[in-house]
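Below, each value reflects all heavy atoms present in this structure, side chains not excepted, and no hydrogens, waters or symmetry copies.
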Amino acid sequence: EACSACAAAGAAFIVSPVTEPAVLARAHDRGVPYVGGALTPTEVLASMRAGSDAVKLFPVGSVGGAGYLRALREPLPGLRAVVSGGIAAAEVPGYLTAGAHAVCLGGALIDRAAADRGDVDAVAAQPARVRGGRLRPRDDLQPQVLRGELLEHPVGRGVADALERRPPDRGPDGAAV
């Protein structure tokens with residue numbers, strides 16, 4: 001039901017912490033790209049084969065970060081990865097170099113000391129400090145806020161481009177994924 005409500009409200013895409021085939025089908029029935037969650041190679045391949053437009057790797061920071069993404073992309077070169085979980089702003093370029101299509105920043109966007117002391121202005125200014133001129137989404141794309149995560153694609157393609165529908169990629173066994 002939440003997927004249908006989000007699509008009806010104009011969601012640009014649906015993100016889930018796991019790949020749920022029923023939610024994927026509902027999103028696609030409504031013409032909305034679906035980003036299914038996975039972590040292990042088996043889960044990632046299953047998400048790709050199920051039809052996820054991209055795969056949310058979570059919590060990627062806890063299992064090797066950009067190096068883990070690089071390792072996954074060797075046998076799964078068609079992986080369109082949206083990385084999330086435990087990522088510092090300074091690590092974004094490494095994830096993009098490793099092949100991430102999008103990077104989710106959560107905790108990096110919160111100045112916890114400012115929040116603890118109730119400094120609303122400092123908390124509000126933190127995302128701009130994190131961007132610091134390095135993370136620039138396309139001018140015509142606004143960052144999408146989803147359950148506390150700011151999803152930006154900082155190299156000019158934007159999240160919408162990263163999730164565009166493409167012909168099926170091929171897995172290591174040659175099967176469509």
Open item on the list: Looking at every non-hydrogen atom in both residues, tell me the closest pair between L72 and P41 and how far apart they are.
Closed with: CD2-CG, 3.7 Å
Open item on the list: So which atom in I87 and which in C104 form the shortest heavy-atom distance, rounded to 0.1 Å?
Closed with: CD1-O, 3.9 Å
TODO: Would you please name every residue forming a side-chain hydrogen bond (donor to acceptor under 3.5 Å, both in side chains) with S47, sequence neighbours left out?
DONE: T19, S52
- [ ] Give every residue pair that meets the side chain to side chain donor-acceptor pair (under 3.5 Å) criterion with at least one member in residues 58-79, sequence neighbours excluded.
- [x] none
Open item on the list: Would you compute the distance between atom CG of L45 and atom CG of L79 and round it to the nearest 0.5 angstrom?
Closed with: 10.0 Å
TODO: Could you tell me the separation between the OH atom of Y95 and the OG atom of S84, rounded to the nearest 0.5 Å?
DONE: 9.5 Å
Task: Heavy-atom closest pair, residues P75 and A71 - done: CD-O, 3.0 Å
Identify each donor-acceptor pair in which a side-chain atom of residues 113-122 lies under 3.5 Å from a protein atom, sequence neighbours left out, and give them as a table.
unit_1	atom_1	unit_2	atom_2	d
R117	NH1	A113	O	3.4
D119	OD1	D121	N	3.4
D119	OD1	A122	N	3.1

Open item on the list: I'd like to check L39 versus P59 (side-chain heavy atoms, cut-off strictly below 4.5 Å). Are they in contact?
Closed with: yes
- [ ] Kindly indicate whether the side chain of V23, heavy atoms from C-beta on, has any atom under 4.5 Å from the side chain of I14.
- [x] yes
Open item on the list: side-chain contact (heavy atoms from CB on, under 4.5 Å), that's the test. Do V44 and L76 meet it? Break it down for me.
Closed with: CA-CA 9 Å; V44 169; L76 300 169; 3.8 Å; yes
For a quick test of your reading: what N or O donor-acceptor pairs under 3.5 Å do the side chains of residues 4-11 make, sequence neighbours left out?
unit_1	atom_1	unit_2	atom_2	d
S4	OG	R26	NE	3.4
S4	OG	R30	NE	3.3
S4	OG	R30	NH2	3.3

Task: Smallest separation among heavy atoms of P33 and D53, with atom names - done: CA-OD2, 3.2 Å
Task: side-chain contact (heavy atoms from CB on, under 4.5 Å) between L57 and V82, intermediate numbers included - done: CA-CA 6 Å; L57 296 179; V82 175; over 6 Å; no
TODO: Write down the atom of Y34, the atom of A27, and the distance for their closest heavy-atom approach.
DONE: CB-CB, 4.1 Å
Task: Approximate separation, where rounding is to 0.5 Å, of L105 CG and E91 CD - done: 9.5 Å
